[in-house]
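Take a look at the structure below.
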Amino acid sequence: MDVAANCSLRVKRPLLDPRFEGYKLSLEPLPCYQLELDAAVAEVKLRDDQYTLEHMHAFGMYNYLHCDSWYPDSVYYIDNLGRIMNLTVMLDTALGKPREVFRLPTDLTACDNRLCASIHFTSSTWVALSDGTGRLYLIGTGERGNSASEKWEIMFNEELGNPFIIIHSISLLKDEEHSIATLLLRIEKEELDMKGSGFYVSLEWITISKKSKDNKKYEITKRDILRGKSVPHYAAFEPDGNGLMIVSYKSFTFVQLGQDLEESQDENMSEKIKAPLYYWQQTEDDLTVTIQLPEDSTKEDIQVQFLPDHVNIVLKGQRFLEGNLYSSIDHESSTWIIKENNSLEICLIKKNEGLTWPELVVGDKQGEFIRDSAQYAAIAERLMHLTSEELNPNPDKEKPPCNAQELEECDIFFEESSSLCRFDGSTLKTTHVVNLGSNQYLFSVIVDPKEMPCFCLRHDVDALLWQPHSGTQDDMWEHIATFNALGYVQASKRDKKFFACAPNYSYAALCECLRRVFIYRQPTPMSTVLYNRKEGRQVGQVAKQQVASLETNDPILGFQATNERLFVLTTKNLFLIKVNTEN
């Protein structure tokens, strides 16, 4: 069985600046232009039954403004009349009104359980579109931006079940067969989920193809579904369509489309009722796994294979437990022994001493973790200063107990760290895994529309931009840019809603739910001489921070950044902020 390779992200040290001075607030005014919309944006608010954090991440924080990365400074939104409206900027001082390029054939308000309409620019001549009711459209647009050749025409139109939003899409041409792969996200109800929220996240990979040039009809040729428990921060196809990369808190796995849902639910229920298959304990140095063996088991019936990040246990020819371990082990020092009470005891030596494992095998729920009395005593001792035998014994004392509401976002440690996984399109298995640990996901940006979108992660105080490459196995993720100290700075912005950066990395920007937009520029040479008073040395570069305040009280619904401009969408207005002048 192929095992997913545990990989790591290689930081390019020359792109880091250990002597970064910080951002200097600049009071230079930013030119800001405002356009009033003919009709309000088609905003869909969360319903009462969409109450989980995953619903908020996927739909409540949805970006209603879409940037066409194939054509610079061209943005789109969908209004409540079902019109797809476009604004392409040539000259800031001569802005025209947004123009209608397409109108959805369905009445958006007729569907009670609809989601927000979504759009993705598949290529320079193709667009994937969802009306939010469960219908997918593939539209041939011609060369967008060229009035002579641009014409939006529906090439595929089909109902695909429950409502969804489009996460990503690509256009492929192989052996004269044109196909489009789309990735659709749904949050589905799971009635028998006893412990969790009662919902799961579904990612559906749909490939729609036209077999030959003569045949004008596009048909669905492939459907695969991934299931997980958290909305992915990032999900994108590789340009050749051979793989899919996902960044998420909780892992995703492919499920068989033909699998009977009731059977799988019954199996899940029986698994919850059954006794654990194994028990495990841990200390700072090692882990002990105990398995009750069948009667009359001998040493020859047992096969245990240790790899640095993988374990495989076979009992009497049947696979008992196999999978990726939470962290690395010293596989050469790990051992197993048959105890007198007919149990198998496996000792795994931790590679990273002191690291607490939240799970033994990634994604496996068949075992039960047991803490010994010494561990309980140690935990109780560490928490002793936070407890008292009396209820609020002295509220007026000088040093009150820790108040979680006073913690900043940068102080929070997520119990479940994110992971970056690559799935193979043909085998539907995970081929590469990167444990992101405390590297918080920040945002994604399309630097080159022919490549995969880049994603930005927090590394210590900095924000590092990574470009995925599908063809290179050794350097699958390339560190291409750094925003100094931005990882720390953004953590203090408690009301931030959207985060973005220019495709040429010249600045990063974030906006709050209302009104304010913060811009952080890359360091630029000083025109005057400036000295650092503490160190007595001349400062050659300064990074500027600027703040723009929009003249509106409406909540911000969309946010996009290009090399020259920021676009901010509210219910009734579209704002343009001129950030850089054209080179």
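What's counted below: heavy atoms across the whole structure, side chains too, no hydrogens, waters or symmetry copies. The shown structure was predicted, so the numbers you read here are calculated from the model rather than taken from an experiment.
Atom CZ of Phe559 is separated from atom NZ of Lys496 by 13.0 Å, given to the nearest 0.5 angstrom. To the nearest 0.5 Å, the span separating CG on Leu514 from CG on Asn553 amounts to 7.5 Å. Leu244 contributes atom CG, which lies 4.5 Å from atom CD1 of Ile246 (distance to the nearest 0.5 angstrom). For the atom pair CH2 (Trp70) and NZ (Lys450), the distance works out to 6.5 Å, reported to the nearest 0.5 Å. For the atom pair OG1 (Thr430) and CG (Asp424), the distance works out to 10.0 Å, reported to the nearest 0.5 Å.
Lys497 has no carboxylate O lying under 4.0 Å from a charged side-chain N of Glu512, or vice versa, which leaves the two without a salt bridge. With respect to the salt-bridge test (charged N to carboxylate O, under 4.0 angstrom), the residues Glu28 and Lys544 qualify. By the 4.0 Å N-to-carboxylate-O rule, Lys229 lies too far from Glu54 to be salt-bridged with it. Between Asp475 and Arg10, none of the side-chain N atoms (NZ, or NE/NH1/NH2) sits under 4.0 Å from a carboxylate O, so this pair counts as no salt bridge.
In this structure, Phe237 and Trp205 have tilted ring planes: the angle between them lies in the 30° to 60° band. Using a 30° and 60° split on the angle between ring planes, Phe443 and Phe499 fall in the tilted class, from 30° to 60°. Taking the six-membered ring where tryptophan is involved, the planes of Tyr520 and Phe518 are essentially parallel, since the angle between them stays under 30° and well short of 60°. Aromatic ring pairs are classed by plane angle as parallel below 30°, tilted from 30° to 60° and perpendicular above 60°; the pair Tyr76 and Phe121 is tilted.
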Starting from the C-alpha separation in whole Å, work towards a yes-or-no answer on side chain to side chain contact (heavy atoms under 4.5 Å, CB included) for Leu184 and Ile167.
CA-CA 6 Å; Leu184 316 178; Ile167 299 296; over 6 Å; no

Quick one, Leu457 with Leu436, criterion side chain to side chain contact (heavy atoms under 4.5 Å, CB included). Give me CA distance, side-chain angles, the key distance, then yes/no.
CA-CA 9 Å; Leu457 303 176; Leu436 298 179; 3.9 Å; yes

Quick one, Thr552 with Asn573, criterion side-chain hydrogen bond (donor to acceptor under 3.5 Å, both in side chains). Give me CA distance, side-chain angles, the key distance, then yes/no.
CA-CA 9 Å; Thr552 179; Asn573 293 281; 4.7 Å; no

Given Asn484 and Thr482, is the side-chain hydrogen bond (donor to acceptor under 3.5 Å, both in side chains) satisfied, shown in steps?
CA-CA 6 Å; Asn484 298 295; Thr482 300; 5.8 Å; no

Start with the C-alpha gap between Tyr62 and Ile165, add the side-chain angles, then the distance that decides, and say whether side chain to side chain contact (heavy atoms under 4.5 Å, CB included) holds.
CA-CA 10 Å; Tyr62 186 75; Ile165 59 173; 4.3 Å; yes

Determine, step by step, whether Thr122 and Ser169 satisfy the side-chain hydrogen bond (donor to acceptor under 3.5 Å, both in side chains) criterion, reporting the C-alpha distance in whole Å, the side-chain angles of both residues, the deciding distance to 0.1 Å, and the verdict.
CA-CA 5 Å; Thr122 311; Ser169 63; 2.8 Å; yes

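The aromatic ring centroids of Tyr64 and Tyr77 lie 6.0 Å or more from each other. Taking the six-membered ring where the residue is Trp, the centroids of Phe199 and Tyr51 are separated by under 6.0 Å. A distance below 6.0 Å separates the ring centres of Phe254 and Phe423. Between His233 and Tyr441, the distance from one ring center to the other falls under 6.0 angstrom.
Side-chain polar atoms of Asn435 and Ser419 form no donor-acceptor pair below 3.5 angstrom. Side-chain atoms of Asp73 and Thr562 form a donor-acceptor pair, as typed in the model, at a separation below 3.5 Å.
In this structure, Tyr488 contributes its side chain and Ala463 its backbone to no donor-acceptor pair below 3.5 Å. Under the 3.5 Å distance criterion, the side-chain polar atoms of His479 are matched with a main-chain donor or acceptor of Lys12. The backbone N or O of Lys350 sits nowhere less than 3.5 Å from a side-chain atom of Asp286 that would complete a donor-acceptor pair.
Taking the side chain as every heavy atom from C-beta outward, Arg565 and Gln560 never approach each other to under 4.5 Å. Residues Ile166 and Leu183 are not in side-chain contact: their nearest non-hydrogen atoms beyond the backbone lie 4.5 Å or more apart.
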